Amino acid sequence: MIDLTFPDGAVRSYEQGVTGRTIAEGLSKSLAKKAAMIRLNGDLYDLDRPIEGHGTIEILLRDAPEMLEVIRHDAAHLLAQAVQELFPGTQVTIGPSIEDGFYYDFARAEPFSLDDLPKIEKKMKELVDRDEKIVREVWDRNEAIAHFESIGENYKAEIIRDLPGTETITVYRHGDNWKDLCRGPHFPSSKFVGKAFKLTKLAGAYWRGDQNNAQLQRIYGTAWASEEDLQAYLTRIEEAEKRDHRKIGRQMDLFHMQEEGRGMVFWHPKGWTLWQTLEAYIRRKLDKAGYVEVRTPQVLDSTFWQKSGHWDKYRANMFVCETVEGETLAVKPMSCPGHVQVFNVGLRSYRELPIRMGEFGSCHRYEPSGSLHGLMRVRAFTQDDGHIFCREDQVVSEVSDFVTLTQQVYADLGFEVDEIALSTRPAPDVRAGTDEQWDQSEAMLLDASRKAGVEPRIAPGDGAFYGPKLEFIVRDAIGRTWTCGTIQLDMVLPERLSAEYVAEDGSRRRPIMLHRAIFGSFERFIGITIENYAGKFPLWLAPLQVMVAPITSDTNDYAQQVAQKLRNAGIRVDTDLRNEKINYKIREHSLAKVPVIAVIGRKEAETGEVALRYLGQDGQSILSLDEAVRVLTTGAAPPDL
RNA sequence: GCUGCCGUGGCUCAGUGGUAGAGCACUCCCUUGGUAAGGGAGAGGUCGUGAGUUCAAUCCUCACCGGCAGCACCA
């Protein structure tokens, strides 16, 4: 007999090997009908899986929050079953649940077409209606390999072969004869999946995520506990797509890109104003944080990049050019080696450290064509780059100050960091430095983030070859994540470029170099900012802050006086003197997301006032011109001033 | 880079084997109108590029270029 403790504290005894279903039946008929799964000692267990020992048990219904993942995982299996019924000969590989849904990777010679998705979806719903029993079976490893090979499922056989010998091989059977290798757990039958799912897209994916392997076809879907949740999700996606910075960038006339310059941005006047506003802001922040600003060359001889190590490691990503005189030059992909040159001029003393060197460095990288994405991933970009040269004993406080500064900046700009990741040492064959150096560097970054009140997620193996890094990851409107800020400890470059300082004891020492950026690239940061505000920028950031719109043409002169007065006060202002009705002007400038419309009618012209109408608000406030200037200049002050 | 889909006026999109259409924007005219579209007229496209099939290609086929999604990459 075994003792099981229920959530209410009750303890009951059962025979060993009892299943969740039997237990549920013993409690109540209706519970048994609705039971979807159990949680045993914290782990999810199939309803019909025998329980072998004592423990705590909880019976879970389909609508439990933790079942959503199971719904998605089971939906992935139904997808695989449906595909194999419709397209015999297709091999299945893996199909996990993911955020908001699931996918399944298939190997099939013919490509799936978008038109196949509704057919597959229909078949999946049929499978739900069939209410196929889903049964867990434990198989012998070799038999399982033999079985999957015999039915031509070579990927599955490969997965089993690579599982550790200690792993229990479980196969889930749907209905009579469809089987899939899976760790589980799953619902007892297909009806639990429900029908609140939808296949969404088709894509390629490499087997085991390695581009040297075969390319598979991936079908993505979304799945939810209820039809309402599904609809809410679809609406959410639709809304998010409206914030896409590429779309808003066009609508608001901020920038454009064209095919002759893939991954390169043409900034229009309004977009450039936004840029300069952000640049002025971050420059003030860096000044206050003790940075000095420098400017280093755009193009340097290849011998320089050989010395820095970029020629070996990074050449494929560099723009390289030959001169008529036979030199080979390369456009800088990053500013760090240049900064070391500035550091290296003259003899540095330990007393000078830390030196915090900043540059709004324009860099070029030949990024893979498939990775380009609006402003988020470009080939020509400007970093708010900076390098801190310091002593070992200064690393923790420098990193910690940086984390704090970065959080301040993000808060000023109104967006949330999705997460902060500490990327640790990559594989031994690619990383530089000793294990002791890595131990110490990683520990310093962790220590520093904690000092700044941040607990990073550890991203094992994601560090650069030259050192570990902290990354500030934010999310775009459509849910994709992007790295903005970062601080990286470099144990290689000072050595390669012979950076040194004179220590207290007169000896020559290598400084530690910290690469850091808060925006990351201006391009990406502006992209994120556009999406974050959906183009409705706060007054201080808005490229055009006030539109002066007269109601009739006889107040045009006064409108221009108003505009001039605001302009003199530093407000970004324009006038709309077109022969259009005020309704029309208000509609147009509201859609253009101009924060303030100053409406000028005869009344205002007579009394020397203006009527301010704020974006998103219906009312207006009528102020004297002087008062309006005061209100607007105050409202337009950057958050740090 | 890989796989799939897509490529028609500035923008959003419709359309056909017989060389094209709508709405918005644009220009001009009328209208001077108090808080999200007043009315009328006009101009604007070698249908991504190249080749092929055909009497005839924007439409079918192929290649290339570019865009989108995912994957891979992101010293």
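We name chains A, B, ... by the order of the sequence lines, and we start the count at 1 in each one. As the structure is a prediction and not an experimental result, all values here were calculated from the model.
- Judged as a ring-ring contact (aromatic ring centres under 6.0 Å, His included), and not counting sequence neighbours, the contacts of His310(A) are Trp305(A).
- Judged as a ring-ring contact (aromatic ring centres under 6.0 Å, His included), the pairs with a partner in residues 89-119 of chain A (not counting sequence neighbours) are, in order, Phe87(A)-Phe112(A), Tyr103(A)-Tyr220(A), Tyr104(A)-Phe106(A), Phe106(A)-Phe112(A).
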Using nucleotides 61-63 of chain B, report all nitrogen or oxygen pairs with the protein that are shorter than 3.5 Å.
none

Output a table of nitrogen or oxygen pairs between the protein and nucleotides 44-46 of chain B separated by less than 3.5 Å.
none

Its contact letters, B for base, S for sugar-phosphate only and - for none at protein heavy atoms under 4.0 Å, make nucleotides 68-75 of chain B read SSBBBBBB
For RNA chain B, the dot-bracket notation using Watson-Crick and G-U wobble pairs below 3.5 Å, [ ] for pseudoknot-type crossings and | for other-strand pairs, is (((((((..((((....[..)))).(((((.......))))).....(((((..]....))))))))))))....
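- Contacts with RNA chain B (heavy atom under 4.0 Å) in residues 587-606 of chain A: Arg587(A), Ser590(A), Leu591(A), Val599(A), Gly601(A), Arg602(A), Lys603(A), Glu604(A), listed by number.
- Listed by chain and residue number, Tyr233(A) satisfy the ring-ring contact (aromatic ring centres under 6.0 Å, His included) test with Trp224(A) (two or more places apart in sequence, or in another chain).
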Could you list the donor-acceptor pairs under 3.5 angstrom formed between side-chain atoms of residues 248-267 of chain A and any protein atom two or more places apart in sequence or on another chain?
residue: His256(A); atom: ND1; partner: His268(A); partner atom: NE2; Å: 3.4
residue: His256(A); atom: NE2; partner: Gln258(A); partner atom: OE1; Å: 2.8

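- Within the structure, every pair that satisfies the salt bridge (Lys or Arg N to Asp or Glu O under 4.0 Å) test and touches residues 579-598 of chain A, not counting sequence neighbours, is listed here: Arg578(A)-Glu588(A).
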Tabulate protein N/O versus nucleotide N/O from nucleotides 5-16 of chain B, keeping only pairs under 3.5 Å, one per line.
residue: U12(B); atom: OP1; partner: Arg250(A); partner atom: NH1; Å: 2.9

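- Every residue two or more places apart in sequence or in another chain was checked for a salt bridge (Lys or Arg N to Asp or Glu O under 4.0 Å) with Asp574(A), and none qualifies.
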